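Please read the structure below before turning to the comments.
No experiment lies behind these values; they were computed from the predicted model shown. Chain letters run A, B, ... following the sequence lines, proteins first and then strands; every chain starts at 1.
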Amino acid sequence: MTGLRIEDLSVAYAGKAAVRGVSFTVAPGQTYGLVGESGCGKTTVGRALGGQVARGGAITSGRIVVDGVDVLGLPPAGLRRWRAAALAVVHQEASASLDPTMRVGTQLTQALRARGRDRREVPELLERVRLPDPRAIARRYPHQLSGGQQQRVVIAAALAARPRLLVLDEPTTGLDATVEREILELIGELRAELAAAVVLISHDLDLVGRLCDRVGVLYAGRLVEEGPAATVLREPAHPYPAALLAGTPRLGRTRRTHPLTPIPGHPPVPGEELAGCSFAPRCPRADALCHATAPAPSAVAVAVAVAVAGVPVPPVASGVAALHQVSCHHPGQARRPEPRPQPPQRQPAETEPTETEPAVPERGPLLEIRGLTRRYGRTVAVDGADLVIRRGEVVGLVGESGSGKTTLARAVAGLAGRGPGTITLHGRPLHPSVTRRDPGQRRAVQMVFQNPYASLNPSHTVRVILAKAARSLGGTRDPADLAREAGLDAYILDARPDRLSGGQRQRAAIARAFAGEPDLVVCDEPVSALDVSVQAGVLRLLDDRQRAGGTSYLFISHDLAVVGYLADRIAVMYQGRIVEQGPAGQVLHGPHHPYTALLVGSRRPGAPGRVSATGCPFAGTCPSRVGGLCDTSAPPARDLGQGHVVRCHLDPERLPRRAGNSTSP
Amino acid sequence: MRFLLRRLVAVPLTLLGVSVLVFVTTELVPGDVARTILGREASAESVARLRSQLGLDAPLPERYADWLGGFLTGRWGESYTLGVPVRDLVLDRLAASMLLAALAFALLVPVAVGLGLVAGVNHDRPLDRLVSVSGLALGATPEFVTGVVLLVVFAVRLRWFPSSAQAPDGSSLLVRLGHLALPALSLVLLCTGYVARHVRAGAVVAIESAYAGAAELRGLTRWQVVRRHVLRNSTIAATSALGVQLQFLLGGLVTVELLFNHPGIGALLLSSAVDKDLPTLQATAMVLGLLYMVIVLAADVAYRVLDPRIRLGAAS
Amino acid sequence: GAGGGAPLTGADSGAPQAGAGANAAASAPPRRGGTLRAGSPPPPTAVDPVTMYDGSAIAIVQLVADYLIWLDRDFTLKPRLAEKWESEDGGKRWVFTLRKGVTFSDGTPLDAEIVKASFDRLLDPKSKSAALSAFDTVLAKGGVGVRDAATVVFTLERAFSDFPYLVSAGNYNAVILKKDYAGDFTKKPIGTGPFLLESYDASSGATFTRNPKYWEPGKPYLDGVKITFYADDQADLLALQSGEIDAQILSRPQLVGPLKGLGDITVDQVQGTGLTAFTLRTDRPPFDRKEARQAVAYALDRPGVNATIYDGIGALGNDHLFAPLFPAAPDGIAQRAKDPAKVAELLGGQPLKFTLTYDPPSKDYALTVQNQLKQAGIQVELDQRTSADFYGGDQEKDTPWLFSTANLVGWAGRATPSQFIIPMVKGGGVWNGSKYANPALDAAADAYDAAQTPGERAAQAEIIAKALHEDIPVIVAVWSGTVRAYNGRKFTGIQAHPSSYVDFSSVSQVV
Amino acid sequence: MTAIALPFTRRHRHRTALGIGAGIVLAWAVVAVLWPQLVPYEPDLQDPAARFLPPGGAHWLGTDQFGRDTFSRLLAGARPVLLVAPAATVLAVVAGTLVGLAAGTYGGLLDEIVMRVLDAVVVFPSIIATVLVVALAGRSVTVMVLVIAASFVPIVARSVRAATLVEREKSYVEAARLRGERSWGLTVREILPNVAPTVLVEATSRFGDAIFAAATLSFLGLGQPPGSPDWGASVSDNRLWLQLAPWTVLGPALAIASLVVGIALVADALRGRWEAS
Ligand SMILES: Nc1ncnc2c1ncn2[C@@H]1O[C@H](COP(=O)(O)OP(=O)(O)OP(=O)(O)O)[C@@H](O)[C@H]1O
Ligand SMILES: Nc1ncnc2c1ncn2[C@@H]1O[C@H](COP(=O)(O)OP(=O)(O)OP(=O)(O)O)[C@@H](O)[C@H]1O
Ligand SMILES: [Mg+2]
Ligand SMILES: [Mg+2]
Ligand code: NI
């Protein structure tokens, strides 16, 4: 028997079960996806596969067999030898799994030595993961590499292992869309080449759907559904994956067409034992049976999966049965509400627009940014940006990491110091520093920050936080109202932030931003730190608040699907400049800026070239670069109508478009 | 580099401030160095004569200016009380203290790092608790207690080591180190706990880190993981603690030098302060201050050199 | 040694008072050779015989240089560079005959001119000599004359029967140095003493070798002496116990007392004339009332002080300044002892409370006094100053040791009672911290100094002692005893000395 | 990432450490208050007939050079220790916190100047300062408190400043600025509560150091007034007889060590708590 076989794996931390009776098999060359909300036990399973548990934890039962070797039965020395010979693990955060004080090359050398090979292979390895100038990279320390580069180094170390079992724990979380795509492509190639059993852990259903042959859905440490990726992620038989899918924004689906449905409640923590199905408290279909007895795994008819047409099913490795199992008393009843993007089948009750392009009444500009420039020392973070936000409009701001999104947002809020350029609100200039703005202006512009853990003062209760905000912003509502509007239970008012979950904190932060009835709320990646299901709830809240008050948003995210979901118009930022802005649909689908094309995945970066300071900043990597023009002169702003402006030398007709929804499963 | 430059500029400024402070405070201390030199039985006239001989009659600013000018040009004057050139005195004493401090430090680093690592690797186990608590307790016991116990046991009872830190003139390095062993040891006992605690904290973080876990999953033994990854990361974390400890070591020198009869700079500081021997006191304070700042700076630089994240921070 | 004795002090007669070591030395011929390693505190100032006042410096100088007369441990005078001395003119002129054949270590022969120069140096009012105060009113500049190469004549200001003590080791600055001595003793250490100063380091110590030209044949027995400085008493003590040194120059009875007989350590002890003067200011409340002073004196448990401070080796004091060791000490005055009833009576129900000022060396004494007085209902507040502070300030106006209400001053042993009485309790005395003024006492003090017969002396002494015992300007609870600890298995001939002086010329290794 | 719940063991350890540490400190605090009821002898009472008695019988921990009862002095010594150290700590922590907050809040030139001054204070040998103050004001508890506090202010100020700088970067501070809060008010109302853990941890560590520093001052003869049963003073007074009467030294030395360890345990546990939350 080759490949990986897990039987009845259970892991407990301090006696509390975190993973319970998980079994699955992965054939060599096959990729198995493990999905689930945060805290469901994905990482725990992943670590257990290498025979490792975190401190305080223990594998309480089960067998892990890799190519016939019973891993857990090995003596310590044998386990080490097996790890050295057959295992490779790519951890979630590359920066954490590289020793910060050791050169990358040295670390790879050690990985090679462990396999009895030597350092001469280092450059070759780095080249395999497509890192430029491998020799220079090898001499660097981890912190001198970007996140994507670090991740590639970790993958290179995994490659050096030529493993039989490869575990990838959230290998792309926290990476830019473009970088993520490269990494995934790399993994895809390697999978075929290594012929190893691959376990891919992720909470990104999209990604798992694209990469995996089979998927296991973990909930509260149990595998609630398991089967071919295409089937499980399209026609889940269990209500949990169905709910996860319903809460995940996708490119091309907006809040007006496909409102997200968050899963209520939160997953049980280890030790929180339930008599019945652990999902029952959150399940819309749960009945007395579900609450009373835990369901046993049962097979689902294969036919369901095959029935989905028009979608390429990933090649299934030979020898693996397309077995589909689910642990549910009522399998299949909770189908995904809207399986097809167009036309929408069901509309939420509150809204009526049915078109793709939302009918935003043309209103006057609320905020105008002209030639805004902000520097940090010598770094130009924002470089002559122009942006208009109209009343009641959600403007999404996207761009790769470091493109200046946060700086722009902070400049609007009056937190980014001084610099050239003007910002006007209702036609009146806003002072660059918030403390110099008048109280009315301060009330008008509020902000929701990225990190929910830092944005609330940990020493005040939610009530105090909201009351202070209401008082100093001249708001009329009391904290209880604010909290209720933000979907927070009343008891949370008297809790300090450290007692709150990430989602609750972000809701409190949103409530605070709305305490003074703002005209504009700047949201800097408000959901990036949140789990899918929580993210859905927060997005929903933002949507509600926007509709209720007609507030404008400047909404920042690196996740295009999220931006596309919420935004009426989208601005694309690149190296401190706004290279494109326009109605959301047009920007995402094109014709759009070559850089936007790169972001939405319809293009690949071009060969790197040199650009002068006066040229288009994107010319360096632009696949459609016009030699002698793009790299020397600044691109003109081309208006494509409906306020869609693209800064590019290319003729509008030659601008790239997005070909269908190829990246969507 | 800019950081280093700024700090280096601050050094003479701080020293200048210290010298003014020393001058003014010493002036305020009651007592009279001339009386100290001549003893209480000397007549008032003799004392007055000596005062004017020593130039103590001049107004304070003038004396300060004189002293500063002399100090900067290398003329550090003569000790009022001992009548020997201050520069030789201070530098000799400094050299003696440095030898002791260096030995103590050389012992301290491996011992503390070793114990810290052992504790960190076994954290939350009995061994860890043993190391942590005993380190704490030793660090909490004044060095004049541990020192005396060491003396009684090893010098008086067992006679393994001499009781005095001073070796006879012209003895070999080994003999000299033998004389310094007990005082160094008492300093080490004083400081080990503190440094070991910092190393331990660093080691705990390192051993629980993802890179240590990853290394283990690559098939490395615990020992290999500790040697390759934990050691360096935990010592880096403890560098600033070592810097603090070096300062502490200097402070401990006063008592240890007294106890082990080691004519070092700590003892000199105390006696010159008590006797109001201003030239000696000033020079001692300046030299110690300089040393102190150099140590802090060195610890910072060491931290930067050891930790590539800071050293090369700007490069990325 | 042989030599002429002074008329009133009793000649040095026969064998010296033998300490433990001396006894051993007597039984076997002394062995030559060996280096004695001794420990002592570092001298606080540069070693200069003219200005020195601390025990370490004195010891160093005494190893290298010599006096006209040595003050022995029983307070007899022993001829050294002077072979004999006698008084003329009713004690106003003193004639000293120098020993023949004495040369300095650089070969210069000793003569009367050199002796005269040595004393002129000390008497020069411009010098910073510590001896100036000792010679005050007795010998002035120009009072030293030369009769011939071997005879020096001192012409005094007034008759002074104890004058030989003033030119003996008892006046420790009175060493005989070459004419050209200019204050750099440790750099050019030339003397007539038993040893030569080989090297000196203010921080670490000094080494000495035998002086081959020493005038006393066959001595010293030792090849050399090495003194190591220990800034800390405990370090000194531990060095002795660990065998790193063989002897202590300055031992503290409190510390070494308990070590007697432990291991190799021998402790020699001797009665002394040192005291901790508990001075009360008689010119201001509360001690302007004699009863208050007496109450304090009756509240003290003197044997208790002796046990606590001197490990019991001292002699009880009786509040007058005649130590039992002084030949003139009167014996007719009853020893004062603790008497709570008397205290109560003297206080008459009035509370007594005062502040006691002192410097660190008197700390234990102060604590004992405080506790004993507390038990008698007298409240003492302690005011400890640094030594620099305590002895600093203006000696005419405000120095704490002469101007505080009550204070403790440690006095090293003196050779004669006058050295205490004249400065301390005579009206207008330079160190009259009690501001005591009693014309009767003043007259008696002068008469005592001038007295030519023992009977006259005793009479005057009794007057003085009774006055002091009654008026109590200074409480003398205990007269110190001094000790010297050394390794008795290795060396013999080491003795304690009331003033902690060193004479290592007879020290030898144990055979 | 969601914060992972700390493993049970570590929390548990913090709790036991906190318990033991707090127990030790509390026990000594009780002794400091109640010693007059607890001592078998008056701590100052001298008995020349009972000097250097070994432990046992009438004197459980023996007697010292004055014939005073070591055990009584040990108990009585808790009070001066527990007066000086907390007072010095409170003083240093209050002053250091204010300085640190100000430097961290206003930054720029003020920060630079303050840090340089603190440097000079750190570099200025505290022995000189102590000799000075002792000479001017005599040996007293107040002097000790002031000297120790002054030498700790820079340490406290530095860590409070560092913590302030960290907190200042957090977005809740920006949220407060969006509300219109100004520098100092913002620092006091928003930042101060969050550097409180740092302040408290500083306080506990300084507390331990203060005990040690007080003992060292006494050793150098610059500390407690003479005769005080203070442990540091006892150790330094009696160390000369360590060989002969070890009980006079080891008792107070162990007492110091136990108190410092107790405080360190509390400090560690508190720090652990904050890191955990
Ligand atoms: N070292 C540990 N000690 C105690 N409990 C732990 C430990 N590590 C994880 N847990 C708990 O075990 C459960 C599963 O954790 P795990 O890290 O496997 O989840 P995950 O699915 O990987 O979550 P995420 O998406 O956040 O990475 C969680 O409830 C977590 O709190
Ligand atoms: N405080 C700062 N000091 C110095 N440089 C900064 C600072 N903050 C940001 N920068 C730099 O300014 C540029 C823009 O940063 P900004 O945070 O605005 O980008 P971003 O688009 O928000 O990136 P991300 O998606 O990673 O949040 C980057 O090059 C960044 O390194
Ligand atoms: Mg995980
Ligand atoms: Mg950002
Ligand atoms: Ni997470």
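- Interface remark: A:Leu473 contributes side-chain atoms only to the contact with chain D (heavy atom separation under 4.5 Å).
- Heavy atoms closer than 4.5 Å to chain D are found nowhere in A:Arg443, neither backbone nor side chain.
- Of the inter-residue distances, the one linking A:Asn457 atom CG with D:Arg189 atom CZ reads 12.0 Å to the nearest 0.5 angstrom.
- Heavy atoms of A:Phe449 lying under 4.5 Å from chain D belong exclusively to its side chain.
- Minimum heavy-atom separation, A:Met447 to D:Leu178: CB-CD1, 3.4 Å.
- In plain terms, the two heavy atoms of A:Ser455 and D:Ala175 that are nearest each other are O-CB, 4.4 Å.
- For A:Lys16, no part sits under 4.5 Å from any heavy atom of chain D, backbone or side chain.
- Nearest heavy atoms, D:Arg179 versus A:Ser472: CD-OG, 3.0 Å.
- For A:Pro458 against D:Tyr172, the heavy-atom pair with the smallest separation is CD-CE2, 3.8 Å.
- Residue A:Ser459 forms a side chain to side chain contact (heavy atoms under 4.5 Å, CB included) with just one option from D:Asn194, D:Val195, D:Ile191, and that option is D:Asn194.
- Atom NE2 of residue A:His460 and atom CD of residue D:Glu190 lie 4.0 Å apart, to the nearest 0.5 angstrom.
- For chain D, no part of A:Arg471 is nearby; none of its heavy atoms comes within less than 4.5 Å.
- Of all heavy-atom pairs spanning A:Arg442 and D:Gly180, the tightest one is NE-CA, 3.2 Å.
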